[in-house]
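Quick note: residue numbers are just sequence positions, from 1. Values below: all heavy atoms of this structure, side chains included; hydrogens, waters and symmetry mates excluded.
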Amino acid sequence: MCERNYPDEFSARVYKIGRDDRGSRLTFLKVTGGCLRVRDKIEYKAHGGDEAKGLLIEKIDQIRKYSGEKYEIADVAEAGEIVAVTGLSSTFPGQGLGGEQQSNMPILEPVLNYRMILPDDVNPAAFMEKLKQLEEEDPQLYIVWVEEFKEIHVQLMGQVQMEVLVRLIKDRFGVVVTFGPGSIVYKETIARAVEGVGHFEPLRHYAEVHLLLSPAERGSGITVTSTCSEDVLDKNWQRLIATHVEEKEHRGVLTGSALTDVKVTILTGRAHVKHTEGGDFRQATYRAIRQGLKSTESVLLEPYYSFILQVPMEYVGRAMTDLEQRFARAGSPQFATTAAREMATITGKAPVATMQDYVSLVHAYTKGLGHLTLELWGYDECHNPAEVIAQMHYDSEEDFRNPTGSVFCAHGSGYVVPWDEVPEHMHLPYVYHGDESEEALAASARTQNAFSAEDAQALAGNRRRTSFEKAVSCMSSVELDAQLADVYAREFGMGKNDIAEDQRRKWSGKKKNEYEGLSGKPRTVKHDKHGNPIYPKKSPGEEYLIVDGYNIIFAWEDLKELSRINIDSARDALKDVLSDYQGYKGCHLLLVFDAYKVKGNAGKRETFHNIEVVYTKQDETADAFIEKTVFGIRDRYKVTVATSDGLEQQTVMSLGALRMSARELKEHIEMTKRAGMEAFISDKRS
């Protein structure tokens, strides 16, 4: 007999979990490589992939070599030995430790749910902890605590497993339990792809997540992938999102049943350089999934049996009728003659809910000659979804543990936005618009994210982005510019020969009307004892929006196409759009067009309906005019400059203005117009 050769690296296979007379947890295992010593540290994944526990590192307290009920204490276990160890808190049968691979043994999935009925003197919450011991000993036992009703539910395969469990509980704990009527364990999936958006922004927290939920093959469960560039969202945040997708059983919106057979793709997301924490992405991820489910068509799934039904020839008609009434999907009968009689065999699949009592019925009408074999096939579309949904009485909006809406922040406090209004508040645009490929989704995520690769190149050519620029790419330019200005000051040394001071000195020698812009009064700057300029805090007064005209035209696809035909038409179209926007918004609006290359041009200022339009003079760029204007009016107005020129954005920020990209301007215009129309319709109705 050949002696088996074991590898030198430690490895072991867990085959049983038990407890001794004192209640100490025992992990029974076989050492399949190397050796195991007392006080060795074992690294392994927690039972069930419990994210709260994660990857554990635990020490072996004791090694026992059993012989019947007795055991000996050992200091070391060699390869090939079977021992029990203490100190491991979350191992499970079939688990591989060390170099041993995870077991591929099949796990039966329970399809029936039963409410456990306890004696009156037994506390359900305390008893649940004891039942968890049984669950970790048997991976095929699913015990669930239902917090809403303070009840214990057990998911089982059928009557036989229930009887075994009743006997085990009585022998182990001395408690006699009974079970209520069994109910089917349903699941949910989706019929079409959808982009779900989750936003979590209470005060001093921030995360936004966009996930593409796509229908997947039956039995595939939940899978996660990503098309999001690391330039848009750092890899560590993407890993965290994937972890949060996989860490829990997400509930559907039809019956609150477990979600399955869905492919989740990370499209894009945003973090805050200062306020984002891991828990923020957990909330945003959960809410993105729920918002996506509410925005698409969900499908209720139920478990199916595959069956083999054998009946005498004379009962084929009865059998086919029964199967049709039970919503079975059966093939044509196959006939075969045995020594005693001619038999028919029918195969197919049928809902578990309709086949519960059919075994005994087959025996009855065939007088014991028929035989029905059932085997769990998996999940498929429910045969009576409307009836089941009505019976479950699940309201997704009342499920406060699984919210469908998002949390946004305004005026220093968070507020909840319902799922159907999230698109109007979200900070990032939709990435998915139809049947795009993964490559197209990745490209869309890169180009639509504000201040990402495009802005970094505008700032510094093709060089690698600095940590400051990466921080900027995570922030919403309108809402977070105040904090951005602080980062800018630290990184670029504002207050020490900064851009604003240079511009002030450059303009100070010019004529009054050339550097005061629209303010109408001279600009004065105080200095500290070191000679650094002290800029006054920005007044929360009226809003003033300055738009870089040609930058916007060439950033908006519709205007860009129009400009190729006629640039004058593109300018007029932009003026019309901004005029409408000013009517809704009510702010001061200045539109600047660059005309510095026009020979002999003296500049032009005109009023177009309710906005002011400026064409710069010869040798004066739009950027220079905007900077001068911001410099002159920033004390009296809350100034925002709309441009996607990264260098210009930083310059106006240093002067105290907020910046808005071309994409954000377009989104804000559409949002404002939509809100105005809704208000108009509401007034008409009232």
Side-chain angles (χ1 to χ4, degrees), residues 10-50 53 56-98 100-108 110 116 122 126-145 152 154-157 160-177:
F10 166 73
S11 57
R13 172 77 64 195
V14 179
Y15 68 90
K16 178 183 175 182
I17 303 297
R19 278 179 167 74
D20 61 14
D21 296 338
R22 297 182 179 181
S24 299
R25 189 179 193 273
L26 300 175
T27 298
F28 291 85
L29 53 84
K30 179 179 180 179
V31 181
T32 57
C35 63
L36 180 64
R37 292 182 173 85
V38 175
R39 294 196 176 92
D40 277 355
K41 291 183 178 180
I42 306 297
E43 182 178 301
Y44 66 97
K45 194 171 184 180
H47 177 230
D50 188 348
K53 296 181 179 179
L56 297 179
I57 301 177
E58 295 181 325
K59 184 173 62 176
I60 300 296
D61 294 331
Q62 194 178 76
I63 298 176
R64 302 180 182 181
K65 297 182 179 181
Y66 273 85
S67 177
E69 295 294 326
K70 298 180 180 181
Y71 63 86
E72 295 179 354
I73 302 296
D75 293 329
V76 62
E78 301 289 347
E81 290 188 298
I82 296 176
V83 296
V85 301
T86 62
L88 305 182
S89 63
S90 295
T91 48
F92 56 91
Q95 184 176 25
L97 302 178
E100 190 73 29
Q101 296 296 317
Q102 197 74 357
S103 173
N104 293 321
M105 68 178 186
I107 300 295
L108 293 177
M116 181 179 288
V122 176
F127 196 66
M128 179 67 185
E129 294 302 316
K130 295 182 179 181
L131 293 176
K132 282 294 183 182
Q133 298 178 14
L134 302 182
E135 186 180 40
E136 63 184 18
E137 294 174 15
D138 183 1
Q140 297 179 359
L141 182 61
Y142 293 78
I143 301 176
V144 181
W145 173 255
I152 298 174
V154 182
Q155 296 179 4
L156 304 169
M157 289 301 298
V160 174
Q161 192 180 9
M162 181 196 298
E163 293 174 358
V164 171
L165 181 60
V166 170
R167 180 62 180 269
L168 181 59
I169 292 174
K170 181 180 179 181
D171 293 344
R172 181 75 66 87
F173 307 118
V175 177
V176 178
V177 301

Heavy-atom pair of closest approach, residues P93 and I17: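 What the structure gives for the nearest pair is CD-CG1, 3.7 Å.
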Heavy-atom pair with the smallest gap, counting every atom of V31 and A77: CG2-CB, 4.0 Å
Residues 66-73 side chain polar contacts: donor-acceptor under 3.5 Å, at least two apart:
{"unit_1": "Y66", "atom_1": "OH", "unit_2": "R64", "atom_2": "NH1", "d": "3.1"}

Donor-acceptor contacts under 3.5 Å from residues 164-175 side chains, at least two apart:
{"unit_1": "R167", "atom_1": "NE", "unit_2": "D171", "atom_2": "OD2", "d": "3.3"}
{"unit_1": "R172", "atom_1": "NH1", "unit_2": "E137", "atom_2": "OE2", "d": "3.1"}
{"unit_1": "R172", "atom_1": "NH2", "unit_2": "E137", "atom_2": "OE1", "d": "3.0"}

Residues that R22 engages under salt bridge (charged side-chain N to carboxylate O under 4.0 Å, His left out), provided they are two or more places apart: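 Expected list: none.
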Non-neighbouring partners of K130 that pass salt bridge (charged side-chain N to carboxylate O under 4.0 Å, His left out), sequence neighbours left out: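 Testing K130 for salt bridge (charged side-chain N to carboxylate O under 4.0 Å, His left out), a comparison that skips the adjacent residues, returns none.
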For E58, side chain to side chain donor-acceptor pair (under 3.5 Å) partners two or more places apart: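 If we apply the side chain to side chain donor-acceptor pair (under 3.5 Å) test to E58, skipping adjacent residues, the hits are Y44, S89.
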For R19, all residues meeting side chain to side chain donor-acceptor pair (under 3.5 Å), sequence neighbours excluded: E136
Stepwise side-chain contact (heavy atoms from CB on, under 4.5 Å) test for M116 and I143: CA-CA 10 Å; M116 181 179 288; I143 301 176; 5.9 Å; no
Heavy-atom check, side chain of L29 versus side chain of V83, under 4.5 Å: yes
Min side-chain heavy-atom separation L36-F10 under 4.5 Å: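 In contact.
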Distance in Å, E81 CD paired with T32 OG1, rounded so as to fall on 0.5 Å steps: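 That separation rounds to 12.5 Å.
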Interatomic spacing from CG in D75 to CZ in R39 - rounded to 0.5 Å: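 These two atoms lie 9.0 Å from each other.
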Donor on one side chain, acceptor on other, S24 and T86, under 3.5 Å: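 No donor-acceptor contact under 3.5 Å links the two side chains.
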Donor-acceptor under 3.5 Å (R25 side chain, L88 main chain): yes
